[in-house]
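All remarks here apply to the structure that follows.
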Amino acid sequence: MGIIDLIRATIEFILRVWGWVSGRPKQQLHSKRVMLEEQSRQAQLDGDLDVLRKTRTEIEEIDRKLSTGDY
């Protein structure tokens, strides 16, 4: 099992580095942020404070990830 775990870990590492280099995770975070901004606006119009609070928290988390480079 040791060799299989090593191969799996190596492949996961290569895929993670490839994704980071290609910029795909960063683009996904930007897309998710845009979607959450729309949800936030809709919740604000509807007066739904629970949804608004939840979406703003998620947006802040995405902003934190983007600023630290933790994609």
Side-chain angles (χ1 to χ4, degrees):
M1 284 296 206
I3 294 174
I4 294 172
D5 291 335
L6 179 63
I7 292 171
R8 188 186 70 216
T10 304
I11 291 172
E12 287 176 2
F13 175 74
I14 291 170
L15 290 175
R16 183 175 294 226
V17 169
W18 178 257
W20 182 74
V21 170
S22 69
R24 188 166 187 268
K26 185 176 182 179
Q27 183 59 37
Q28 286 178 333
L29 281 176
H30 280 294
S31 298
K32 186 173 181 181
R33 189 180 193 291
V34 169
M35 180 196 65
L36 288 171
E37 282 289 338
E38 182 60 36
Q39 284 181 358
S40 174
R41 282 188 209 101
Q42 188 60 44
Q44 203 170 19
L45 291 173
D46 295 343
D48 191 353
L49 294 179
D50 291 333
V51 173
L52 181 63
R53 214 174 283 133
K54 180 181 171 241
T55 55
R56 293 310 302 173
T57 302
E58 290 179 33
I59 289 171
E60 289 172 5
E61 180 66 21
I62 289 173
D63 288 343
R64 185 193 60 78
K65 286 181 178 181
L66 289 172
S67 67
T68 61
D70 181 24
Y71 309 130

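Only this structure's heavy atoms are used, side chains among them; waters, hydrogens and symmetry mates stay out. In this chain, numbering begins with 1 at the start of the sequence shown.
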Among residues at least two apart in sequence or on other chains, which ones pass salt bridge (Lys or Arg N to Asp or Glu O under 4.0 Å) with [X]?
X: Asp48; result: none
X: Lys32; result: none
X: Asp46; result: none
X: Arg16; result: none

*Check side chain to side chain donor-acceptor pair (under 3.5 Å) between Glu38 and all other residues, then give those that pass, not counting sequence neighbours.*
Arg41
Results of side-chain contact (heavy atoms from CB on, under 4.5 Å) for [X] - residues two or more places apart only:
X: Val34; result: none
X: Thr68; result: Arg64, Asp70
X: Ile11; result: Ile7, Leu15
X: Gln28; result: Arg24

For [X] versus [Y], what's the shortest heavy-atom pair and its separation?
X: Thr55; Y: Gln39; value: CG2-OE1, 3.5 Å
X: Leu52; Y: Ala43; value: N-CB, 3.8 Å
X: Leu29; Y: Ile62; value: O-CG2, 3.8 Å

*asked:* Is there a path of hydrophobic side-chain contacts, each under 4.5 Å between heavy atoms of I/L/V/M/F/W/Y residues, joining Leu66 to Met35?
replied: yes
For the atom pair [atom1] ([X]) and [atom2] ([Y]), what is the distance rounded to the nearest 0.5 Å?
X: Arg56; Y: Lys54; atom1: CZ; atom2: NZ; value: 14.0 Å
X: Arg53; Y: Leu49; atom1: CZ; atom2: CG; value: 6.0 Å
X: Lys65; Y: Lys26; atom1: NZ; atom2: NZ; value: 15.0 Å

*Can any side-chain N or O of Ser40 pair as donor or acceptor with the backbone N or O of Leu36 at less than 3.5 Å?*
no
